[in-house]
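Heads up, the thing below is written out as structure tokens.
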Amino acid sequence: MMKRKLALLLALLCLFAAMLPACQSAVEDSSAVTDEKKVTAEQMEEKFGMPVVRVVMDLPNYDEGAKDGQLSDALSRLPGYNKEFMLLIETLPREGEERSIDMTRIKTEMMAGKGPDLFLCGQDTYGVCGLLYGGRTDPFFPFPERAMENRLFLPLDDYIEKAEYMEWDKFLPVIMDAGKNAEGQQIIPLSYTFSALYADREKYGLLDFDRSMTLSEMWQSDNPALRYASYTSAPFMVGRITEPGDDEPMFTEEELLGYIRDYDMRIPGDPKDYQDLQEDEKVYKGTIMRGFLPEPGLISPVPDRFVLGNGSPAYRIIPAKNARGGVTAVINEFAAINRNARHPDLAFKIIDYLMDAKNQQGSDFFYSRVSLGMPVHMDLGSEEYPLRDKNWYMSAENFEEFCAARAEITEAKFIGPADQALWDIESYDEKGLEKSVHQQYTLIEMLLAES
């Protein structure tokens, strides 16, 4: 009897073992079919009986576990959300073949007069801004301004006039202007940054700093701090690459060579002149961003000692000037509505709510996904409008200084592949510089022509 039971058990085990590969294959096949059959907004609408706004999100994300949750959380108190309408969020992969496939698919849909309703996109910094993240991944819209001219985005002026949540008159005008053309506002910038030197104004003889100084005047100044402030990377020093709406560089190859030769090959004067500045732990030179405002214990592009809050030095903030005499800011992330959107009203309702001051102040969406730059609301960062869930604000005199530096911004641009071409100019010697400038200028012309 016992032998029969053992034999039966062995037979069952053998049968189970034989079935395992078939079962595993069936699961894998099922999974593959699911991945290939993406759920559409139309299918969701049929199932749930309400409009579905399709959102394409191409933003930095280093909280892989959260994925799209930050956007849903930011909209959780928006009237009608998940009751009168829903979202279908497509988050583009940061890199690889899957990203290329998704971008091609979505752009093909747009060419056919369809596509998503809403875009939430970031412009990869290519390392230009000296940030911890940002690589060499081309953004979904390499040239957002050309996308406006190509009529890919919906004009939003009528919507903005009727906005319920955003305070348009509180948004930094020079930044917002970069998102409009002859048809009106089409792109809503979400954040911006600019390069600057932050130094103790009294210690470094900057009490009487003249903000009207040009790049050339700062370069030739007797004050090492001003000369140090004048030294910056090519994309900020060159400034805008095209006039709004144009597809050709706004400077010649000879002018570019002059810019790089005069201002980008070396820090002027004796390197020893800058030793105190470079060794001073309370001096910072680089781009201001939300990560510039760290909390104790958090990893940040800038150590905690550099915060501008109460107890920090009384800073002089000197923006990096461009070769034309102004200051160039960079737009890092933006929102725009597809001109072919199925639900443009709901898409704008989402933008409107996201741009509410409270969302810009401290929502996880803005902190985790719109984290490259400062918010466009001009009051944020003050004691009245603190950031990071009301945990941080600048001291009164540093906020006043920040506003004065910010007021120097004369132009804003969406950073892109052409800026990477500037960044890649090599200037080891005069002959090599001329060759590199020619190669990169030719590349810029080609990139703009293809945009």
Side-chain angles (χ1 to χ4, degrees), residues 23-59 61 63-94 96-122 140-141 152-154 156 159 162-165 188 190 335-356 359 363-366 368-370:
C23 292
Q24 290 174 343
S25 178
V27 171
E28 290 169 0
D29 290 344
S30 174
S31 174
V33 170
T34 301
D35 288 342
E36 290 175 5
K37 290 187 64 177
K38 293 183 180 292
V39 176
T40 67
E42 291 84 354
Q43 289 171 334
M44 289 179 63
E45 288 176 344
E46 185 176 347
K47 180 177 181 179
F48 296 104
M50 66 177 74
V52 175
V53 181
R54 184 180 168 198
V55 181
V56 164
M57 194 152 57
D58 187 25
L59 296 170
N61 181 23
D63 184 1
E64 291 296 332
K67 285 287 184 180
D68 310 322
Q70 295 112 336
L71 178 58
S72 297
D73 290 345
L75 299 175
S76 61
R77 296 185 181 180
L78 174 60
Y81 179 57
N82 278 342
K83 294 179 181 178
E84 299 173 7
F85 70 94
M86 301 174 64
L87 299 188
L88 172 60
I89 303 173
E90 297 181 45
T91 301
L92 294 184
R94 286 292 293 159
E97 184 179 358
E98 188 179 354
R99 175 181 176 84
S100 178
I101 291 172
D102 282 353
M103 289 176 65
T104 300
R105 170 179 54 83
I106 295 168
K107 289 180 179 180
T108 300
E109 292 175 3
M110 295 174 66
M111 290 174 63
K114 299 180 182 179
D117 296 292
L118 173 62
F119 296 101
L120 298 173
C121 293
F140 188 83
F141 295 105
L152 297 183
F153 300 139
L154 185 70
L156 302 175
Y159 290 95
K162 301 173 184 176
E164 297 180 60
Y165 303 99
I188 308 293
L190 303 180
I337 296 175
N338 185 0
R339 198 174 284 247
N340 302 317
R342 295 167 60 244
H343 302 296
D345 292 359
L346 291 173
F348 182 80
K349 187 174 184 178
I350 292 167
I351 296 176
D352 186 16
Y353 191 73
L354 287 176
M355 296 303 289
D356 179 87
N359 259 320
S363 71
D364 283 343
F365 173 75
F366 263 87
S368 298
R369 305 304 294 272
V370 185

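Keep in mind it's a predicted model, so treat the numbers as computed, not measured.
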Quick check with a 6.0 Å cut-off and a 45 degree axis cone: is K107 positioned over the face of F140's six-membered ring? yes
Apply ring pair (Phe, Tyr, Trp, His ring centres under 6.0 Å) to F348 and list each qualifying residue two or more places apart in sequence or on a separate chain. Y159
Are there more than 12 heavy atoms of other residues, nucleotides or ligands under 6.0 Å from atom CE of M111? no
Under 6.0 Å between the ring centres of F141 and F119? yes
Could you walk me through whether I106 and L92 pass the side-chain contact (heavy atoms from CB on, under 4.5 Å) test, one step at a time? CA-CA 10 Å; I106 295 168; L92 294 184; 3.9 Å; yes
First locate atom CG of L87, then atom CG of L118, and finally report the distance between them rounded to the nearest 0.5 Å. 8.5 Å
If you draw a 6.0 Å radius around CZ in R77, do more than 12 non-hydrogen atoms from other residues or ligands fall strictly inside? no
Could you note down all residue pairs passing side chain to side chain donor-acceptor pair (under 3.5 Å) where residues 44-56 supplies at least one of them, sequence neighbours left out? E45-R342, E45-H343, R54-E90, R54-E109
T108: what forms a side-chain contact (heavy atoms from CB on, under 4.5 Å) with it, not counting sequence neighbours? T104
Ignoring hydrogens, what is the shortest heavy-atom contact between K349 and L78? Give both atom names and the distance. CE-CD1, 3.9 Å
Could you tell me which non-hydrogen atom of I337 sits nearest to which non-hydrogen atom of P344, and how far apart they are? CD1-O, 3.8 Å
Which atom pair, heavy atoms only, marks the closest approach of N340 to M110? ND2-O, 3.6 Å
Ionic contact status for D352 with K162, cut-off 4.0 Å: no
Side-chain donor or acceptor of N359 paired with backbone N/O of F366 under 3.5 Å: no
Whether the side chain of S100 engages the backbone of E97 through a donor-acceptor N/O pair (distance < 3.5 Å, no angle test) should be reported. no
Only one of L346, D345, V52 forms a side chain to side chain contact (heavy atoms under 4.5 Å, CB included) with F85, so which one is it? L346
Once rounded to the nearest 0.5 Å, what's the spacing between atom CG of L75 and atom CG of N82? 9.0 Å
Nearest heavy-atom approach of L156 to L154 is CG-O, 3.3 Å
Distance in Å, L190 CG paired with M355 CE, rounded so as to fall on 0.5 Å steps: 5.5 Å
Quick one: CD on E84 to CE on M50, what's the gap to the nearest 0.5 Å? 8.5 Å
Indicate yes or no: does D102 engage R105 in a salt bridge with an N to O separation below 4.0 Å. yes
Here the pair of heavy atoms bringing V55 nearest to L71 is CG1-CD2, 4.4 Å
Looking only at non-hydrogen atoms, find the nearest pair between L59 and C121 and report the distance. CD2-C, 3.5 Å
For E42, look at atom CD and say whether over 12 heavy atoms of other residues, nucleotides or ligands are found less than 6.0 Å away. yes
